[in-house]
Every structure is written in structure tokens, then in C-alpha cells.
Amino acid sequence: MYAPRRCFFATSAQRLFAGTNSFSLIAILFFILAGNIMSFNEIAAVRANTGLPLDLHMTMRNPRRYVRRYAACGVDIIYIHPDSEAVPTETRALIRDLGKHPGIVVNPGVSLESVRELFPLVDYVLVMTVNPGFAGRDYLPWVEAKIERLAALRPQYGFHIVIDGGVTRDILRRLWNKGVEGFVLGRRILFGQNRPYDAILREVRDLA
């Protein structure tokens, strides 16, 4: 979930979660180039408006510094980038010890082979289908070959596959059929459509 205007954040969260019965994802962008930053209070506002599982994408250096505090805000699934920590396995162990589900993020330029050793340690793999940093970037169709290889590895490791970036209705339908289980929805489907969220989400569920 990329937040609409901050001043209406709580209201937007209420409207969004009133229309969904599946998991939702909060994208927390703390990377130095990113301008989309959500505070602890905003995450708490989301948690207060839904009992659904919440995903947290930590695009930051040394995310372990904040894992405990985000976990206390009520998130359920915590993704970190494998290259964001000197010892990423310790951060994943901490996430697990806090009773949360650990996940990793695979950027477009990162090969599956370079992170495969981490697959037994995580419950979710989030594949970026755009170059990360800002909302509204163009979808990268060549990443689909990586998604297909990842889907072939899933029976061995048992993780769930989620994608983030440039998702349209056609992309959602196609990648669902290739084994993707979760999609981060942004401006191309959900926000800024001048339509009720619940109507849009009903249509999205019908696509799968």
C-alpha cells in the first residue's frame, strides 16, 4: 500500500480495508532516494483499521535497528533486502523470534542464485518488477523469467511469491497463472481511480 495524501491517511485506510478480505502490504521506503516514508503512527493507524495480515517492506540500510519497533506496531510479515545488512541471517532470525514471518526482497538486477541460500530461512520472497525507489515506475517484463524460475523452486523451499511494481490488470492475471500469490497494488489499479476501493478490489479478486 502506497499511502495517498498523508492528511487523509487514517480515512483512506478505513475505506481501503472496508473493501478487502485478503492480506495487504505496506511499503515502507526508508532508502535515501525514496520520498514515500510512513511513520510508526501511520502503521499503527493501518493496524487499528484491519485484522488482516500486514506486510512491511523495509528498503533501508541496517533494518535490524527498527525491526522490534515495527513488529510492535502490529506488522506480520517483514521483508528486508539481502544486501542491507552485514549479517542478514541474524535479522531474519530476529524477525522469526518476534513471531513474525521473515521475507526477502529480490531487486530486478539481483539473481536468484545469489540469494538462494536464504530461501530456507524465509516464508516470503518479494520480487521487484520495477527499479525500486519511487511509485509509478515502468514495469520490467524481463523480470518474468526470474519469476518463472522462482515458482519452479517454490516446492523445494515452501515460500510464498509476491511482486511489487507496475502491476496492471493484465499483468496480475498473467502472473497469477505463473504462480504469483500476492501483488502490491498502486496507482495503475487502486489509487487515484475515483472509484470506491471495494468495487476495485472485487474486480481484482475476479481476475485471479
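Counting from 1, the numbers follow the sequence of the chain as shown. These numbers come from a predicted model, not from an experiment.
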Is the shortest side-chain heavy-atom distance between [X] and [Y] below 4.5 Å?
X	Y	result
Pro82	Val110	no
Pro102	Leu121	no
Phe119	Leu150	yes
Pro108	Asn131	yes
Thr168	Tyr139	no
Met58	Ile78	yes
Leu201	Leu185	yes
Leu175	Ile163	yes

### Query
In the single-linkage hydrophobic clustering (I, L, V, M, F, W, Y; side-chain heavy atoms under 4.5 Å), do Ile161 and Trp142 co-cluster?
yes
### Task
Take Arg202 and Asp206 through the test salt bridge (Lys or Arg N to Asp or Glu O under 4.0 Å) and record every step on the way to the result.
CA-CA 6 Å; Arg202 280 197 301 270; Asp206 289 341; over 6 Å; no
Of all the heavy-atom pairs spanning [X] and [Y], show the shortest one and how long it is.
X	Y	answer
His57	Leu126	ND1-CD2, 3.7 Å
Ile80	Pro63	CG2-CG, 3.7 Å
Ile189	Leu172	CD1-CD1, 4.4 Å
Met60	Tyr66	CE-CD1, 3.0 Å
Gly182	Val180	O-CG1, 3.3 Å
Asp55	Tyr79	OD2-OH, 3.0 Å

#### Entry: With His160 via ring pair (Phe, Tyr, Trp, His ring centres under 6.0 Å) - residues at least two apart
Tyr124
Counting only N and O atoms by type, is there a donor-acceptor contact under 3.5 Å from the side chain of [X] to the main-chain atoms of [Y]?
X	Y	result
Arg61	Asp83	yes
Glu144	Thr129	no
Lys146	Val106	no
Arg137	Gly166	no

### Task
Walk me through it: do Leu98 and Arg68 pass the test side chain to side chain contact (heavy atoms under 4.5 Å, CB included)?
CA-CA 8 Å; Leu98 292 170; Arg68 291 183 184 276; 3.7 Å; yes
### Task
Nearest 0.5 Å please: distance from the CG atom of Leu112 over to the CG atom of Leu118.
11.5 Å
### Query
How many angstroms lie between CD in Glu42 and SG in Cys73, if you round to the nearest 0.5 Å?
11.0 Å
### Task
Tell me, with the steps shown, if Val167 and Val184 meet side chain to side chain contact (heavy atoms under 4.5 Å, CB included).
CA-CA 7 Å; Val167 177; Val184 180; 5.9 Å; no
Salt-bridge present ([X], [Y]; N to O < 4.0 Å):
X	Y	result
Arg64	Glu85	no
Asp76	Arg47	yes
Arg174	Asp170	no
Asp138	Arg188	yes

### Task
Please name the residue in the list Val75, Val67, Ile77 that meets the side-chain contact (heavy atoms from CB on, under 4.5 Å) test with Leu56.
Val75
#### Entry: Stepwise side chain to side chain contact (heavy atoms under 4.5 Å, CB included) check, Val162 with Phe183
CA-CA 6 Å; Val162 181; Phe183 300 84; over 6 Å; no
### Query
So Asn177 and Arg173, side chain to side chain contact (heavy atoms under 4.5 Å, CB included) or not? Walk me through it.
CA-CA 6 Å; Asn177 290 330; Arg173 184 186 297 108; 4.2 Å; yes
#### Entry: Under the salt bridge (Lys or Arg N to Asp or Glu O under 4.0 Å) test, residues paired with Arg169 that sit two or more places apart
Glu203
### Those residues that, when tested against Arg116, pass salt bridge (Lys or Arg N to Asp or Glu O under 4.0 Å) (two or more places apart)
none
### Task
Measure from NZ or CZ of Arg69 to the centre of the six-membered ring of Phe40, then state whether that distance is under 6.0 Å and the direction lies within 45° of the axis.
yes
